[in-house]
There are 2 protein chains.
Amino acid sequence: MGTTQLETVPEPKYWHLKTVLSEALESEFSVGEILPNERDLAARFGVARATLRQALEQLELEGRLQRRRGVGTTVAPPRVGVAVGTEQHAWPGAGNDVWQAVDCAVAAPPAAVSAVLETGREEAVYTVRRSRVSHGQPVAAELLYIPASSVPELSAIDAPSGPARARAVLRELQRLELEGQESAVELGSARADDAKELDRLPGAPVLVVTTRFLADGRTAALSVATYRADTCRLTFGDSGGVEIHQDPERRAS
Amino acid sequence: MGTTQLETVPEPKYWHLKTVLSEALESEFSVGEILPNERDLAARFGVARATLRQALEQLELEGRLQRRRGVGTTVAPPRVGVAVGTEQHAWPGAGNDVWQAVDCAVAAPPAAVSAVLETGREEAVYTVRRSRVSHGQPVAAELLYIPASSVPELSAIDAPSGPARARAVLRELQRLELEGQESAVELGSARADDAKELDRLPGAPVLVVTTRFLADGRTAALSVATYRADTCRLTFGDSGGVEIHQDPERRAS
DNA sequence: GAGTGGTCTAGACCACAGA
DNA sequence: CTGTGGTCTAGACCACTCT
């Protein structure tokens, strides 16, 4: 038989579903509105719940939806732009910093961190935890690794832990002359502790920003910040940034 | 009964699986090696295939694995660092550009793009497609939107489309004085066309970098570049960048 | 054709939020 | 308590790659 077969490429159901839902979101729902529950939606579209969920997951990944266990699925607001990598090189904690120091510990960092800091394999470093809030919502959690050699004047008589200790460490760090900083962004999934702080489930997609602070010809501090990928758009340069969202599968109609 | 119940929080199976696999990857496999197929792995761990797949998906998201239909699952090499947002402001296509022009069309852009370019709703703009290759692999696909007002001298006698046309448009663009550029990074999923160019399935996670080029007090061009999130680490600053990977759930042992 | 990952189903139970 | 999303199962078939 001459299987004429235009209509090649049988589009996956969940992909088509995603498109349909996406259009419905724009025309029939407003931000914050809650959608019907997954079982109803699946029935309405005549698919299994797992298939429906695959579509919802993608929409959540794109920051269009927000799902919370025990509550429901709501239409997400546009992503908030968070400035990162301001070109005005500055030490963490300096001046008008958007970060808030949470805690400070002294411990051996992960091996990958030791390698960058050029510290010994089991050598302990100051580990400062900070969190970043924007528009009332937590958007990022950070771990700052600072080798003792970067803050030689730090006296042991200060508080041994807690926010006060964290601030003391950062204050000492600022005595060094910052020669430069370089950052990298990559996709990751939230560890249990970060997830908790970001009010997400473990494994949630995050944007990991690692920043190396250079002073004295070496890496004086290393920051590993994890941003909620669903709600954040990281901006570089003159802050604020562009208001563009990817417009899936469509050229303005 | 006094359900003593230490061991609260029943960790999801797929989460535990991911940890186990992650450790196995480091100790028992080398880059490029292929893993047993999903059915065998699921049987070996005593879970359903869907559960195993949930773990594999996360590891792929983190850039630890690479899966290809009809072939198998392999251990991925470390992410490649790609420089983006070099602070040396420069027009696209200028000098030693890492991008390669593919095509050029004249069409009405998505509404979100029109808004930024301040063009009319149905006004056509030059749309240049470019691709970026690193280490022999395609890492990014870009759409560059350039309103006709940014390249007034462009004569219609050049090739009407194709790479030659694209290069001609970029050449004209460079006559303007670049006043600045600002970028933003966010998570997205690959459209069908981008996915094809990146050798991935539609919906694959991508890092979307939108860059606004400023000249003459307005947005002279807008770039929307989608990078493979599984294989790329975007670096800012003195390029090269930090060799850090998130070390899930573990402090150096 | 054989073997792989990708999609899909129709159920079940669990963890959590809110009344 | 009810209702929500999150996890999990044991199948089935499809699309693709390679031989």
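Chain naming here is simple, since letters A, B, ... match the order of the sequence lines and numbering starts at 1 in each. Just so you know, these numbers use all the heavy atoms, side chains as well, and skip hydrogens, waters and symmetry mates.
For the pair A:L65 CG and D:dG6 P, the interatomic distance rounds to 11 Å; values are reported in whole Å. Spacing between atom CG of B:L201 and atom P of C:dT7 amounts to 6 Å, rounded to whole angstrom units. Note: CZ (A:R200) to P (D:dG5) measures 14 Å, nearest angstrom. In this structure, CD of B:Q66 is placed 15 Å from C1' of C:dT4, rounded to the nearest angstrom. The CD atom of B:E38 sits 15 Å away from the C1' atom of D:dG11 (whole-angstrom rounding). Rounded to an integer number of Å, the gap from CZ of A:R67 to C1' of C:dC16 is 15 Å.
Side chain of A:R165 to main chain of A:A105: no donor-acceptor pair is present (N/O by atom type, distance under 3.5 Å, no hydrogens or angles). Checking side-chain atoms of A:R228 against main-chain N and O of A:L198 turns up a donor-acceptor pair under 3.5 Å. Remark: side-chain polar atoms of A:D230 are not paired, donor with acceptor, to backbone N or O of A:G63 under 3.5 angstrom.
With a 4.5 Å cut-off on side-chain heavy atoms, A:T231 and A:R79 do not count as touching.
In plain terms, the two heavy atoms of A:A101 and A:P163 that are nearest each other are O-CB, 4.0 Å.
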task = Evaluate the side chain to side chain contact (heavy atoms under 4.5 Å, CB included) criterion for residues A:Q54 and A:K18: first the C-alpha distance (whole Å), next the side-chain angles of each, then the deciding distance (0.1 Å), finally the verdict.
result = CA-CA 9 Å; A:Q54 207 170 344; A:K18 180 186 146 187; over 6 Å; no

ask   = Would B:V20 and B:F45 count as a side chain to side chain contact (heavy atoms under 4.5 Å, CB included) if you check the C-alpha gap in whole Å, the side-chain angles of each, and the deciding distance to 0.1 Å?
value = CA-CA 10 Å; B:V20 172; B:F45 288 107; 3.9 Å; yes

message = Applying salt bridge (charged side-chain N to carboxylate O under 4.0 Å, His left out) to B:R53 and B:E60, what does each step give before you reach the verdict?
response = CA-CA 10 Å; B:R53 278 180 61 82; B:E60 188 179 30; over 6 Å; no

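For D:dT4, the OP1/OP2 oxygens have no side-chain nitrogen or oxygen of A:T73 closer than 4.0 Å. Regarding contacts with the backbone of D:dT4, every side-chain N or O of A:R39 stays at 4.0 angstrom or more from both OP1 and OP2. Regarding contacts with the backbone of C:dG5, every side-chain N or O of B:R53 stays at 4.0 angstrom or more from both OP1 and OP2. Taking 4.0 angstrom as the limit, B:N37 places a side-chain polar atom (N or O) nearer than this to OP1 or OP2 of C:dT4.
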Are there any protein N/O atoms within less than 3.5 Å of an N/O atom in nucleotides 17-19 of chain C, and if so, which ones and at what distance?
none

Hey, what are the protein-to-nucleotides 8-10 of chain D N/O distances that come in under 3.5 Å?
from: D:dC8; atom 1: OP1; to: B:K13; atom 2: N; distance (Å): 2.2
from: D:dC8; atom 1: OP2; to: B:Y14; atom 2: N; distance (Å): 3.2
from: D:dT9; atom 1: OP1; to: B:K13; atom 2: NZ; distance (Å): 3.0
from: D:dT9; atom 1: OP2; to: B:A48; atom 2: N; distance (Å): 2.9
from: D:dT9; atom 1: OP2; to: B:T51; atom 2: OG1; distance (Å): 2.4

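Within 4.0 Å (heavy atoms only), B:L56 reaches no atom of the nucleic acid at all.
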Please tabulate, one pair per line, all N/O donor-acceptor pairs under 3.5 Å involving side-chain atoms of residues 131-142 of chain A, not counting sequence neighbours.
from: A:R132; atom 1: NH1; to: A:A83; atom 2: O; distance (Å): 3.0
from: A:R132; atom 1: NH1; to: A:Y227; atom 2: OH; distance (Å): 3.0
from: A:R132; atom 1: NH2; to: A:A83; atom 2: O; distance (Å): 2.9
from: A:E142; atom 1: OE1; to: A:R130; atom 2: NE; distance (Å): 2.5
from: A:E142; atom 1: OE1; to: A:R130; atom 2: NH2; distance (Å): 3.1
from: A:E142; atom 1: OE2; to: A:R130; atom 2: NH2; distance (Å): 3.3
from: A:E142; atom 1: OE2; to: A:S223; atom 2: OG; distance (Å): 2.6

